[in-house]
Amino acid sequence: MLPGDGIGPDVVAAAQRVVAAAGAPVAWVPLPVGLRAHADLGTTLPDVTLKGVTECDGALLGPLTTHAYQGPTMPNPSAVLRTRLYLYANIRPVRAWTGVPCRYPELDVVVVRENTQGFYADRNLLDGNGELRPDPDTVISVRLVTRAACARLVRAACELAAERRGHLTLVHKANVLRLGDGLFLEEARRVAAGFPALQVDDLHVDACSMHLLMRPESFDVIATTNMFGDILSDQTAGMTGGLGLAPGLNAGEAFAVAQAVHGSAPDLAAERLGNPVAEILSVALLLRWLSRRGQPGNEGMAAATAAAAQRIEGAVGRALAELGGPRTPDIGGRGDTVAFTEAICRAMA
Ligand code: NAD
């Protein structure tokens, strides 16, 4: 459990509270991260945290105030964990919820975003940063795209689409970024051909953004590169009720980190008004991932984590549907994080 900055400690505590109410067999290991860790231990990502995380089965990471991170003692923990632990797929589902005002109730989509390279300058070189400034008036941004990263990301998206409505949209900008996005598209088509039951199409990212708004019902799973996925998943979150409801999972083969789509929301932190649902649904995604990965010889554990995930998602749905119950202001209520979390716990079947 890595609490993060801003609203992070509150929404992470909310997720832990709901996991306990659901009866999930989780032993939490609190690990220092972010601005608090920097103040106490001199770095935003202490070695004890990196080591401690790998000794766990999975992690819950709160949002971080990364715009304030500068210099070598302030690495972005999110980026380091994603790259070091090969968490190559950032899975970001959104849907409409009964009881929440929503402009696009037909939208039910998962953005599967490449998570380890792309234009994100803090993770696309082995050493140093991918933004270079040869003179004061010039910046060069280096993007990394590898065939292997495209393949593993698209495979994860295909597997997810096969479990959902069987439709995969590859999103890119290969008409301009001919080499980088061209490689993504080439490799994506090759991997997707191994899933003949899927309906696979592709869109330029700018057109995709428009089509999401004009025919939201026609999307199921979107597979895309890092920055496009980051932007599109905020868009899809906004279309269905906002960032307070948008969960995420950073998933690899052997490890996963639950992390909501939203940032540390400094505007809400002091009054403790962060909507906990995104972090709560993120931890449910992690429990589902853990149950699927399984533990040889401990099948009961897999069943218990899957059941807990289902209870959590059901309770969130019931609490949101209960008009008049406590909820946070972003979805029309007057409650704070704690009051809303308690309402979700009460809604546990
Ligand atoms: P943000 O996601 O923190 O906030 C954007 C808007 O959404 C704000 O109006 C905020 O009030 C609202 N919002 C976000 N989470 C909410 C929640 N749980 N409940 C209700 N409303 C919520 O993005 P930002 O303002 O661009 O960035 C703030 C800080 O977070 C920056 O330092 C940024 O670098 C960082 N950030 C971190 C992550 C991460 O750690 N994963 C992701 C994005 C941004």
Side-chain angles (χ1 to χ4, degrees), residues 1-15 18 33-38 44-45 49 59-70 74-83 87 90-92 94 97 100-102 111 113 115-116 119-123 226-227 229-250 256-283 285-286 316 319-320 326-341 343-344:
M1 184 277 282
L2 296 82
D5 305 323
I7 62 169
D10 287 340
V11 294
V12 164
V18 172
V33 74
L35 296 174
R36 168 56 80 76
H38 191 262
T44 50
L45 186 57
T49 298
L60 171 61
L61 172 64
L64 303 146
T65 305
T66 43
H67 83 271
Y69 290 16
Q70 278 182 2
M74 302 188 98
N76 177 352
S78 172
V80 177
L81 291 173
R82 289 172 182 181
T83 47
L87 308 176
N90 190 194
I91 297 165
R92 295 180 155 185
V94 298
W97 294 89
V100 179
C102 167
V111 175
R113 162 196 176 199
N115 217 13
T116 57
F119 266 126
Y120 285 70
D122 56 355
R123 69 205 71 171
N226 195 341
M227 185 177 286
D230 202 6
I231 297 167
L232 286 178
S233 57
D234 268 37
Q235 177 180 334
T236 53
M239 291 170 70
T240 48
L243 283 170
L245 302 175
L249 184 73
N250 303 294
V257 175
Q259 183 185 23
V261 174
H262 63 74
S264 61
D267 50 330
L268 307 176
E271 291 185 86
R272 313 187 85 162
L273 293 178
N275 186 335
V277 166
E279 202 71 49
I280 289 168
L281 292 175
S282 302
V283 88
L285 289 176
L286 176 61
V316 166
L320 290 172
R327 60 181 58 202
T328 44
D330 59 308
I331 52 170
R334 291 196 199 163
D336 62 10
T337 309
V338 170
F340 193 14
T341 305
I344 293 167

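Heavy atoms only: backbone and side chains are in, while hydrogens, waters and symmetry mates are out. Both counts, for ligands and for their atoms, begin at 1 and track the order of listing. These numbers come from a predicted model, not from an experiment.
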Say whether, by atom type as modelled, one donor and one acceptor occur between the side chain of [X] and the main chain of [Y] under 3.5 angstrom.
{"X": "Asp5", "Y": "Leu35", "value": "yes"}
{"X": "Thr328", "Y": "Gly274", "value": "no"}
{"X": "Asn115", "Y": "Leu87", "value": "yes"}

Record the part of [X] in heavy-atom contact with ligand 1 below 4.0 Å; permitted values are side chain, backbone, both and neither.
{"X": "Leu273", "answer": "neither"}
{"X": "Pro266", "answer": "side chain"}
{"X": "Asp267", "answer": "side chain"}
{"X": "Glu279", "answer": "neither"}
{"X": "Asn275", "answer": "both"}

As a check for students: among [options], identify the option with a heavy atom nearest to [atom].
{"atom": "atom 6 (C) of ligand 1", "options": "Leu243, Thr66, Ile7, Asp5", "result": "Leu243"}
{"atom": "atom 20 (C) of ligand 1", "options": "Leu61, Thr328, Leu268, Val11", "result": "Leu268"}
{"atom": "atom 13 (N) of ligand 1", "options": "Pro276, Gly248, Gly238, Ala265", "result": "Ala265"}

How long is the gap from CG on Leu2 to CG on Leu81, to the nearest 0.5 Å? 6.5 Å

List the atom of Asp330, the atom of Gly244, and the distance in Å for their closest heavy-atom pair.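 So the minimum-distance heavy-atom pair works out to OD2-CA, 3.8 Å.
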
How far apart are the C-alpha atoms of Arg123 and Asn76, what are their side-chain angles, what is the distance that settles it, and do they pass the side-chain contact (heavy atoms from CB on, under 4.5 Å) test? CA-CA 9 Å; Arg123 69 205 71 171; Asn76 177 352; 4.0 Å; yes

